[in-house]
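Heads up: the structure comes next, in structure tokens.
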There are 2 protein chains.
Amino acid sequence: MSRTTIADVARVADVSKATVSRVLAGQSKYIREETRQRVQKAIEELGYHPSDMARSLKSKRSCTLGIVGYGLEFFGPSCTISGIEQEASELGYTLLLHLIRQPETNNVEELLERMQSRYVDGIIWAVPEIGENHAWLEDKTLWPSVPIIFLSTEPRPDRFVAAVDNHNGGMMATRHLIVQGCQNIGLITGPLDWWEARQRKLGWKDALESVGLPRKEGYVVEGNWSALSGEHGLTQLLTRYPEIDGIFACNDRMAVGALKRARQMGRRVPEDLAIIGYDDVQDAEYFYPALSTMRQDMIELGRLAVRKLGQVIEAGHNDVLCPPEAVILQPELIVRASSLLRK
Amino acid sequence: MSRTTIADVARVADVSKATVSRVLAGQSKYIREETRQRVQKAIEELGYHPSDMARSLKSKRSCTLGIVGYGLEFFGPSCTISGIEQEASELGYTLLLHLIRQPETNNVEELLERMQSRYVDGIIWAVPEIGENHAWLEDKTLWPSVPIIFLSTEPRPDRFVAAVDNHNGGMMATRHLIVQGCQNIGLITGPLDWWEARQRKLGWKDALESVGLPRKEGYVVEGNWSALSGEHGLTQLLTRYPEIDGIFACNDRMAVGALKRARQMGRRVPEDLAIIGYDDVQDAEYFYPALSTMRQDMIELGRLAVRKLGQVIEAGHNDVLCPPEAVILQPELIVRASSLLRK
DNA sequence: CTATAAAATGTAATCGATTTCAGAAACCGA
DNA sequence: TCGGTTTCTGAAATCGATTACATTTTATAG
């Protein structure tokens, strides 16, 4: 047996499909109470549920958001998606999820087309800006015909963006080390083709400059976000510049790699070497020593993105598709044992 | 301007909509080459893309899988979703994602209805079995009219299930501790209303029984998966039973909690106390000491679920909706420093 | 050069809703 | 009782495809 349709309800309630539709819509006052009840009764009797499919086809609205995500195996992105889903759910949207494995996806066009052919009401592009992977934005013919918001990408006058202030985050982390008394602060960055990594590095630089601390080129080593690269980074830094007494690792994974290697190299953390990470991954306090870090509320970022996008969708089809806007969240300094230096 | 439709293409190519549709379908041989090319040309000229919405409405197939997930902030579930997406993508399915926050969701009916009203081709229920949260399965009227596969739940003759063998995992972990020479092995379980937690506990019990080692009731303490509960658990166990020399913590988070507390209590790990966790979270080797654990390939679990579900969908509408079947994956023992005892 | 089968295309119904437009019913004052 | 609103309901078009069936065209055989 197939779905019960609005026609079935109409037949049972002995009214037209139009009337049933009106009862369904709810707001329309032009329905006699008696009729409404008869229809309601038929609906319940039949256990009728309208087909979102048919509805969307006609209305060109699907109450669906297209989500393009990346790196769900990692903590940050997972939280972002979770936040997106929370808010979307509250606002009555469902998610169409697509994950990208290679950040340089080239089938952007197909992807966007697929989502649009399902009448998504808006799109959230939650793929970090890496290298040229956002170059497709230059080609305006690819721009979707629905609002699209970009997460964790560089704000620009033609985009709708939500991101965490990585530059400030980098500054805060570095300043904290300075306040703790570090004199020579090394940096283990993420891959520098990541916009976020560059921003954090910039924060480190600016923080040092503002207080006139040394900032040799060699104090910087580029990791790849992995713990192993944190280990390598630390080895490089300390062998070449033994005077280094503070490390800002641009994510927690590299930080714990550094933590481990420092121990192996006989450096006490934090007495000889203060270390701070970035992300505040789950149970960061259970590393040894407990890891200081920058917390960024990715769940809130996700929620915020949906909320903003929702507003744009509501405002709707009137004029501009996407008001160029940048929503920036601030990270938070979390001080734990790994950076509690001279006291 | 609105979407270009199949009618536009038909007009430009000077054929009927039916012909365009046939060209689109591809397989139908009953198309003259000349016509096909004319249509193709029109399609490209117009940049036409068919509407999945309309297509699904007619065909009652959406090439979409409904995913109901839980706990995306955690490592395991994230990987599962990622795996699901990978395989789905390869098989040409898109995902409709819905996350549950309270495991005891009571709006199951609405949720299922929502997905079905969007004509999902199948459903993956990736919410662990906790307490009575699967009780709705008793009410067959709720059963969706499309195949549904359950992840990480107890296999039963009326369900289609994919899960990791937690019982065996528990046995393997415990046996490992035994082989390392532990004589008194304590257990920090997850919440016992979780099916997975109960299975792991059972594994512990069976492993001990099979070699005749002591297994007092007090050797068991129930945690809540959090690192903090691991700390508490360890305190309880060691103060009451100082003879304990091995701990099987039923997930890594509790294990690292135990690791930390053991250090605080002056027990050397692994010399005085061997500890093994479960999950193999990212960078588990960077805890101190590096954490032994059971690895479960949740990505593969997700992929497998999709593959199986896909087969059922393909086999399709013929007869039974869901062949009762249980696909069981085996976990893998990962030995690191935290459990390398007597040598 | 027909008769007939095979190949190619078109017509129109269909999927399941929404919505415009028009007609019927109810109400109200004169 | 009549005309004019206001309220309520229905018929039919529409969204954008697919597909059963009908029809035309082409190929093949006799």
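We use all heavy atoms of the structure for the numbers below, so side chains are in, but hydrogens, waters and symmetry mates are not. Lettering follows sequence order; numbering is per chain, from 1.
Between Lys60(A) and dG16(D), a side-chain N or O to OP1/OP2 separation shorter than 4.0 Å is present. Taking side-chain N and O atoms only, Tyr48(A) has a distance below 4.0 Å to OP1 or OP2 of dA17(C).
Rounded to whole Å, atom P of dT19(C) lies 12 Å from atom CG of Leu24(A). Straight-line distance from the CD atom of Glu34(B) to the P atom of dT25(D): 15 Å, rounded to whole Å. Rounded to whole Å, the distance from CG on Leu57(B) to P on dT18(C) is 12 Å. For the pair Lys17(A) NZ and dT14(D) P, the interatomic distance rounds to 14 Å; values are reported in whole Å. Atom CD1 of Ile6(B) is separated from atom P of dG16(D) by 11 Å (rounded to the nearest Å). Taking atom CE of Met53(A) as the reference point, atom P of dT14(D) lies 22 Å away to the nearest angstrom. One can place CG of Asp8(A) at 13 Å from C1' of dA17(C), the figure rounded to the nearest angstrom. Whole-Å rounding puts the Arg3(B) CZ to dC15(D) P distance at 13 Å.
Taking the side chain of Arg22(A) as heavy atoms from C-beta on, and the options dC21(C), dG10(C), dG16(D), the nearest nucleotide is dC21(C). Distance from the side chain of Ala54(A) is smallest to dG16(C) among dA7(C), dG16(C), dA17(D). When distances run from any side-chain atom of Pro50(B) to the nucleotides dG16(C), dA17(D), dG10(C), the shortest one goes to dA17(D). Here the side chain of Tyr30(A) is nearest to one of dA17(D), dT9(D), dA7(C), namely dT9(D). Side chain of Arg32(A), nearest nucleotide from dT9(D), dT19(C), dT18(D): dT9(D). Between dT9(D), dA17(D), dT9(C), one nucleotide has an atom nearer to the side chain of Ile31(A) than all others, and that is dT9(D).
Comparing Ser21(A) and Thr19(B) against DNA chain C, the residue whose closest nucleotide sits nearer the 5' end is Thr19(B). Mapping Glu33(B) and Ala7(A) onto DNA chain C via the closest heavy atom, the residue that lands nearer the 5' end is Glu33(B).
Taking the six-membered ring where the residue is Trp, the centroids of Trp143(A) and Trp136(A) are separated by 6.0 Å or more.
Residues Glu325(A) and Val161(A) are not in side-chain contact: their nearest non-hydrogen atoms beyond the backbone lie 4.5 Å or more apart. Put simply, the side chain of Glu129(B) does not reach to within 4.5 Å of the side chain of Trp194(B), judged on heavy atoms.
Here the side chain of Ser78(A) pairs a donor or acceptor atom with the backbone of Leu72(A) at under 3.5 angstrom.
Ring-plane geometry between Phe150(A) and His134(A) is classed as tilted, the angle between the planes lying from 30 to 60 degrees on a 0 to 90 degree scale.
Counting any heavy atom pair closer than 4.0 Å across all strands shown, Ser51(B) reaches sugar-phosphate atoms only and no base atom. Among the protein residues, Val15(A) comes within range of the sugar-phosphate backbone only, with heavy atoms under 4.0 Å from sugar or phosphate atoms but none that close to a base.
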